[in-house]
Number of protein chains: 2
Amino acid sequence: MTSNNNTLREKVAESLREAIVKGEIKPGTRLQEVEIAESYKTSRTPVREAFRQLETEGFLAIKPRRGAIVTEITARDIREFYEMKSVLEGFAARKAAENLTDAQIDRMEQLNLQLRECYDNSNLSSMISIHNQFHEIFVNAAGNEQLASLIRSLVNRFQRYRIALSHTDSILESVAQHERIIAAFRARDAEQAASLVSLNSQLGSKALMDNLKIAA
Amino acid sequence: MTSNNNTLREKVAESLREAIVKGEIKPGTRLQEVEIAESYKTSRTPVREAFRQLETEGFLAIKPRRGAIVTEITARDIREFYEMKSVLEGFAARKAAENLTDAQIDRMEQLNLQLRECYDNSNLSSMISIHNQFHEIFVNAAGNEQLASLIRSLVNRFQRYRIALSHTDSILESVAQHERIIAAFRARDAEQAASLVSLNSQLGSKALMDNLKIAA
DNA sequence: TAGATAATTCTTGTATACAAAAGACTACAA
DNA sequence: TTGTAGTCTTTTGTATACAAGAATTATCTA
């Protein structure tokens, strides 16, 4: 994550975000300003501002004079998220196919190998990071900065649920799909790349849904 | 716009947002907390929070200890915006084609007639509202609430530039395109609806770009 | 006069104090 | 016992006071 630790607000926001993503603070938990302020040894002011920021990032729901609650994410939210990711990344892939340099495609290949290794070594913390790096290469190559930043914020928002996927075999499937995506990029086949990337996102959705059913 | 005037923060945010959208506050203008606070007869606290909110909505850029500046939107931003709108609304249309009721399509037809009337009467303030209502019908019918809210926030963010389009003849073209979109929805032709909606968005982009060139 | 550096001012970041609203609790009556 | 009214507590919303960083100006030196 980006760490602009210049102000207390950002420190508090980053710390809370991390705790929510890691699951240390459970959905439904009510966060109170004084409580958080005391635990960070600050006043309520930076905490309030951090709350607002986390609200817009989708981690907290704030009701006027009622306080902040860590958002519960429903199966519907996840379906909607992957639907958007599928559409946006698919489009990004279509545009990227024209722009990607050979070096960038090589880099994707390298990352995909690393992803496979991480799976074999059960190194799940690296896995998410590498997975994201892989996707970011073609998303950034699409030449639409706002689109890239939008996708980044969506992915970040659902990170806490995607962590669950690191365990599953869906990773292996994903690695195989990535190989086909790389081949499509090498062939500069924009339509093929777009539809494969969309498919990859749908796999994520399916895997996460199955995982939730088991957990529930 | 939604008006939750419960807190001062929201009142200030809404008022500033409106002023920026209407062009009363020009891009590049630096907003200072005390100044705004005095003009609204409040303290800095609600103003600060309103600034943060407007930052996430894309109207202000805040630099640490440097203050808030009304965002300048570049030609690139506009291109990127319409590209995203095209993709997202196109997808929404594809999904909506399966869900739209006859009554909803009738409503779209009605709105499109009103849009034509407003153009004839040069009633430009209603024009934008009606145009948005038309689009919101199929966007909401796509069955993806997050997508709908994302599109809404994007459109809202670029509202201030789209105002310029109300004058132009591109409205007439848009009305004609809307008719074809309605026909596609009536025929439940999802692919046709999707591609027509994408096209409609691209028209908006082109019209706005031309308009900016003239203005510059 | 030009440049650098120190002092000052201006503005935001943070802390604390006060106001008001929502929720909890108590007491009383039916 | 239960429902309701009214008070009390808790927590957020707002105002103000204080701290610190950035920008600007003034001063000094080469």
Side-chain angles (χ1 to χ4, degrees), chain A residues 1-20 24-72 153, chain B residues 1-20 24-72 153:
Chain A
M1 239 34 61
T2 53
S3 33
N4 277 346
N5 278 346
N6 294 329
T7 66
L8 279 176
R9 173 181 64 82
E10 304 197 49
K11 280 183 199 163
V12 172
E14 184 168 348
S15 173
L16 284 176
R17 190 191 300 117
E18 195 180 322
I20 293 172
E24 291 163 12
I25 305 178
K26 295 267 178 299
T29 307
R30 180 175 174 200
L31 298 183
Q32 304 196 142
E33 296 176 359
V34 270
E35 196 184 341
I36 303 296
E38 277 168 13
S39 76
Y40 286 99
K41 295 198 169 55
T42 69
S43 72
R44 280 173 54 215
T45 311
V47 174
R48 274 183 71 81
E49 300 190 349
F51 277 17
R52 294 280 168 213
Q53 186 173 337
L54 293 173
E55 181 191 26
T56 67
E57 291 175 12
F59 293 107
L60 297 181
I62 299 181
K63 295 194 174 180
R65 297 183 196 280
R66 294 288 306 276
I69 291 180
V70 178
T71 50
E72 199 81 68
S153 80
Chain B
M1 244 22 68
T2 54
S3 34
N4 278 346
N5 279 345
N6 294 329
T7 66
L8 278 175
R9 173 181 64 82
E10 305 196 49
K11 280 183 200 165
V12 172
E14 183 167 350
S15 173
L16 284 176
R17 188 190 301 117
E18 195 181 322
I20 294 172
E24 291 163 12
I25 305 178
K26 295 266 179 300
T29 307
R30 179 174 175 201
L31 298 183
Q32 302 197 147
E33 295 176 359
V34 271
E35 196 183 340
I36 303 295
E38 277 167 12
S39 76
Y40 286 99
K41 295 195 167 54
T42 70
S43 73
R44 279 173 55 215
T45 312
V47 174
R48 274 182 73 81
E49 299 190 350
F51 276 19
R52 293 282 169 212
Q53 185 172 338
L54 292 172
E55 181 190 26
T56 68
E57 292 174 11
F59 294 106
L60 297 180
I62 299 181
K63 296 194 172 179
R65 295 181 200 280
R66 295 289 304 275
I69 292 180
V70 178
T71 49
E72 200 81 67
S153 79

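These numbers come from the heavy atoms of this one structure, side chains and all, not from hydrogens, waters or symmetry mates. We name chains A, B, ... by the order of the sequence lines, and we start the count at 1 in each one.
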Quick note, side-chain hydrogen bond (donor to acceptor under 3.5 Å, both in side chains) partners involving residues 52-62 of chain B, not counting sequence neighbours, are Arg9(B)-Gln53(B), Arg17(B)-Glu57(B), Gln53(B)-Glu57(B)
**OP:** Would you confirm whether Thr71(A), through its side chain, and Gly58(A), through its main-chain N or O, come within 3.5 Å as a donor-acceptor pair?
**Re:** yes
Looking only at heavy atoms, the pair that brings Ile69(A) and Gly28(A) closest together is CG2-O, 3.6 Å
Between NZ of Lys41(B) and C1' of dA15(D) the distance, given in whole Å, is 16 Å
By salt bridge (Lys or Arg N to Asp or Glu O under 4.0 Å), Glu18(A) pairs with (sequence neighbours left out) Lys22(A)
Sub-3.5 Å pairs of nitrogen or oxygen atoms, protein against nucleotides 11-14 of chain D:
unit_1, atom_1, unit_2, atom_2, d
dT11(D), OP1, Gln32(A), OE1, 3.1
dT11(D), OP1, Gln32(A), NE2, 3.1
dT12(D), O3', Arg65(A), N, 3.3
dG13(D), OP1, Arg65(A), N, 3.2
dG13(D), OP2, Arg48(A), NH1, 2.7
dG13(D), OP2, Arg48(A), NH2, 3.2
dG13(D), O4', Arg65(A), NH1, 3.1
dG13(D), N7, Arg44(A), NH2, 3.0
dG13(D), O6, Arg44(A), NH1, 3.0
dT14(D), OP1, Leu8(B), N, 2.5

Separation of dA15(D) atom P from Ile36(B) atom CD1, nearest Å, is 15 Å
Exercise. Would you confirm whether Ser39(A), through its side chain, and Ile36(A), through its main-chain N or O, come within 3.5 Å as a donor-acceptor pair?
Key: yes
